[in-house]
Amino acid sequence: MNNRFYITTPIYYVNDIPHIGHAYTTILADVLSRYQQQLGNNTFFLTGLDEHGQKVQDAASKRGIEPKDHCDEMSKHFTDLWERLHISNNDFIRTTEKRHKRVVKKILKVVYEAGDIYEDEYEGLYSVSEERFITDKEADTGQFRDIKKLKEKNYFFKMSKYQNALIEHINSNPSFIQPEHRKNEILGFLRQPLNDLCISRPKSRLNWGIELPFDSGYVTYVWFDALINYITAPGYLDDKISFGNYWPANLHLIGKDILTAHTVYWPTILMSAGIELPKTIFAHGWWLMGDAKMSKSSGNVVNPMDLIDDYGVDPVRYYLMREMVLGQDANFTLKSFINRYNSDLANDFGNLLSRISTLIKKNFDGYIPEASSSGDKEKKIISQSQELIKKFDDNMSKMSINDAIEETLQFVRNINRYFEHMAPWKLVKEDLKSAGIVLYTGAEALRICAVLLSPIMPQRIKTLLSVLNTDSVDRNWGGLKSGTKLGEHKPLFPRINSDIF
Ligand code: MSP
């Protein structure tokens, strides 16, 4: 039976155009979603935009336009980029949509009626950049900008009531927060008494938000609004069957910067509303430029469009997936991108296809030769290909995508070595049939690697498979048909001139 797999990205703020950090999480979700689909699972992949709150209101007012107009304009930048990056999301949610506002109001009502929301006058330090009240201790860390003293009547969510239940849930569900060190970080945080969460903003200060159903003088806090997108999209209010099918989400992918909101605010809100918790929240690290996080305020953002224009979409996807060890930070440099591209894609992978197709065209009129029988060397390649699939799946289930890719490339290097050893370019002169077996073995092994890499580089792999004249995405040996004619092709990954360094 097929399983369902519901995967989400954070919904991005529309205060600026997307950069490689946003592109990264979305590509990662796309790769995992395509991979799950390849395994035969029924996937639902959600991404979208977080359009309310102070940051967006400020960005719009700086431009002298209405927040909604600003959002509509920004949203196009994101959807255009997702299209160019071949993102295969099933839904795209914007928090200003009616379907979402209804759900937020409903959850606020349910939580209010459960007695988990109370009113209080609060005086404390407020961080404008974080859009929340902060403790004195937090203010002392120096990590918060634009702090001011504020006294206000507000509504609070009784998060503290769920502290023990949350700790219990984290302890009894080891895969709830991933990777392990992030789980420990949150358990450490939960050793201190948990404060209640201020979930309202007076309209006098911020009106770009969803109005509280029980007090029209307030809008709800942007995080209370945003997190709920994950249940709006699969149909919490609109489609009970779909919701029952997809919720709880299998995987919320996030960056480490939004860990607390996802692993403390979100589960306690769900507990109060009586909704099941997501299965896994996985926090990846940051892409750094030098030692600094890539972000708008640091002014060191890499525009993904420029990279794609220069080098193509799939090489960029490949680099991002190969270079980051999930859970840790990674450094982005153009030099390492070009090195990775030239060594893995141009030399090892692309070259293997060129070798095979040149020899088949020259000696077999372009028809894939027979693989009637095989010797020990071929049997070894066949068994290595099946071991690779096991290792690949094992790595993917541990979210070690970089290792899954590296294992595949190692096998590609093995195939190249097998060719050098068997030298089919010489063998054709002595024993055409044996040379044909070597070429078939190399081509079929390459097809399997291509199938494994197709969630990462969907377009180029499609081209490769069409050159091999097959649409077989079967991961078992034997998908390639002898006697079919190879297609014409240009080099799949032309070498990039690296003299610029
Ligand atoms: N709107 C909130 C999320 C709400 S989710 C219910 C938000 N948006 S954001 O636009 O700031 O995007 C945050 C996410 O973008 C990060 O968690 C991460 O997934 C991604 N990244 C942004 N910059 C990044 C890097 N430099 N490196 C890697 N990912 C980064 O927070």
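Residue numbers start at 1 and run along the sequence shown. As the structure lists them, so they are numbered: ligands from 1, and atoms in each ligand from 1.
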Regarding ligand 1, does [X] bring an N or O atom to under 3.5 Å of one of the ligand's N or O atoms?
X: Trp223; result: no
X: Gly255; result: yes
X: Gly285; result: no
X: Asn229; result: no
X: Tyr24; result: no
X: His262; result: no
X: Asp50; result: yes

Enumerated ligand 1 atoms positioned under 4.0 Å from heavy atoms of [X]:
X: Tyr230; result: 5 (S), 6 (C)
X: Thr25; result: 18 (C), 19 (O), 20 (C)
X: His22; result: 10 (O), 12 (O), 15 (O)
X: His284; result: 19 (O), 28 (C), 29 (N)

Please work out which of the three classes, parallel, tilted or perpendicular, describes the rings of Tyr122 and Phe156, given edges at 30° and 60°.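 Phe156 and Tyr122: tilted rings.
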For the pair Trp247 and Trp266, name the ring-plane relationship: parallel under 30°, tilted 30 to 60°, perpendicular over 60°.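 Ring orientation, 0 to 90° scale: perpendicular.
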Check: [X] ring centre within less than 6.0 Å of [Y] ring centre:
X: Phe157; Y: Tyr118; answer: no
X: Phe337; Y: Tyr311; answer: yes
X: His262; Y: Tyr230; answer: yes

Heavy-atom pairs closer than 4.0 Å: do any link ligand 1 to the side chain of Ile20, the backbone, both, or neither?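 Looking at Ile20 and ligand 1, no heavy atom falls under 4.0 Å.
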Contact partition for Lys256 relative to ligand 1, non-hydrogen atoms under 4.0 Å: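 None of Lys256 does.
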Is the positively charged end of Lys55 above the ring of Tyr13, judged by distance under 6.0 angstrom from the centroid and angle within 45° of the axis?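 Yes, Lys55 sits over the ring of Tyr13.
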Could you give me the CA-CA distance, side-chain angles and deciding distance for Tyr12 and Thr47, then say whether side-chain contact (heavy atoms from CB on, under 4.5 Å) is met? CA-CA 8 Å; Tyr12 305 106; Thr47 188; 3.8 Å; yes
Which is closest to atom 14 (C) of ligand 1 by heavy-atom distance: Phe78, Tyr12, Trp286, Phe332?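 Comparing heavy atoms across Phe78, Tyr12, Trp286, Phe332, the nearest one to atom 14 (C) of ligand 1 lies in Tyr12.
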Counting heavy atoms only, name the option from Tyr13, Trp266, Tyr265 that's nearest to atom 11 (O) of ligand 1.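 Looking at heavy atoms only, the winner is Tyr13.
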Ignoring hydrogens, what is the shortest heavy-atom contact between Arg34 and His86? Give both atom names and the distance.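 Closest approach of Arg34 to His86, heavy atoms only: NH2-O, 2.7 Å.
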Give a yes or no on this: more than 12 heavy atoms of other residues, nucleotides or ligands lie within 6.0 Å of atom NZ of Lys68.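 Enclosed: over 12 neighbouring heavy atoms sit under 6.0 Å from NZ of Lys68.
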Check Asp72, Asp50, Thr79 against Arg94 for a side-chain hydrogen bond (donor to acceptor under 3.5 Å, both in side chains) and give me the one that passes.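 Among the candidates, only Asp72 passes.
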